[in-house]
Amino acid sequence: MTKHLGVAVAAIPSGFDVPVEPLRRAAHYTGEPGCIAEARAFAGRFLEQLRTEWCATVDSRTGGELLLVVSELVTNADRHSRGPYILELEGTDSAVSVSVYDSSVALPRFFPKDPKRVGHHGLEIVRAVASEITVDRIPVGKRVRALIRLDG
């Protein structure tokens with residue numbers, strides 16, 4: 001019981017004392033033309049939902065960086081796997097995790113910075129904007145995950 005102005009009032013449970021699950025969405029892509037643009041649009045809708053449901057503050061720069069990471073990771077999966085791939089997004093008001101699962105067992109290579117090199121700059125770009133990158137082998141291939149902080 002909570003006392004308020006000398007009157008006993010029953011406390012109403014707010015529900016805020018239970019853990020809240022991050023927003024999670026996933027999409028499956030076959031590798032057909034247009035999949036990379038579809039993945040970017042999917043990520044854009046995810047960001048809007050994160051703003052609405054989590055009151056996440058995502059400025060245009062961070063939103064653009066997140067879409068760039070999605071483009072680079074999905075492009076890599078599209079080019080290097082022999083089958084469909086999955087884009088999984090998970091976010092809160094402080095960070096978004098971008099994971100791409102594909103069927104290739106070959107782990108991505110991180111090249112050193114070289115402005116004269118043609119191509120192979122995708123993971124270099126992801127490394128520049130993500131606060132964390134992990135690569136895990138899974139039974140059917142691999143998962144590449146990049147964490148983008150929303151809180152600066």
Shortest non-hydrogen contact between W54 and P22, atoms and distance =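 In terms of heavy atoms, the two residues are closest at CZ2-CA, 3.9 Å.
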key: Contact summary for G91 and F46, nearest pair of heavy atoms   =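 It is N-CZ, 3.6 Å.
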[X] versus [Y]: any side-chain heavy-atom pair under 4.5 Å?
X	Y	answer
V74	E38	no
I148	T62	yes
V129	V69	yes
L123	P108	yes

About how many Å separate [atom2] of [Y] and [atom1] of [X], when rounded to the nearest 0.5 Å?
X	Y	atom1	atom2	answer
Y85	H80	OH	NE2	12.0 Å
Y101	L87	OH	CG	10.5 Å
Q49	L89	CD	CG	10.5 Å
E72	E65	CD	CD	12.5 Å
L47	L67	CG	CG	6.0 Å
T30	D78	OG1	CG	8.5 Å

Let me check something: do [X] and [Y] share a hydrophobic cluster, defined by ILVMFWY side-chain heavy atoms less than 4.5 Å apart, either directly or through other members?
X	Y	value
V105	V144	no
V135	V98	yes
I36	L68	no

Charged N-O contact under 4.0 Å between R51 and E48 =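 Here R51 pairs with E48 in a salt bridge, since their nearest N and O are under 4.0 Å apart.
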ask   = Using 4.0 Å as the upper bound for N to carboxylate O, is an ion pair formed by D102 and K142?
value =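 So K142 pairs with D102 through a salt bridge.
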key: Set of side-chain contact (heavy atoms from CB on, under 4.5 Å) partners for R145, sequence neighbours left out   =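 For R145 the side-chain contact (heavy atoms from CB on, under 4.5 Å) partners, ignoring immediate neighbours, are S97, S99, E132, T134, R143, L147.
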key: Pairs where residues 86-99 contributes a residue and the test salt bridge (charged side-chain N to carboxylate O under 4.0 Å, His left out) is met, not counting sequence neighbours   =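 Matches after skipping sequence neighbours: R24-E90.
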message = Applying the side-chain contact (heavy atoms from CB on, under 4.5 Å) criterion to L150, which one of T92, T57, L50 satisfies it?
response =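 Only one option passes, and that is L50.
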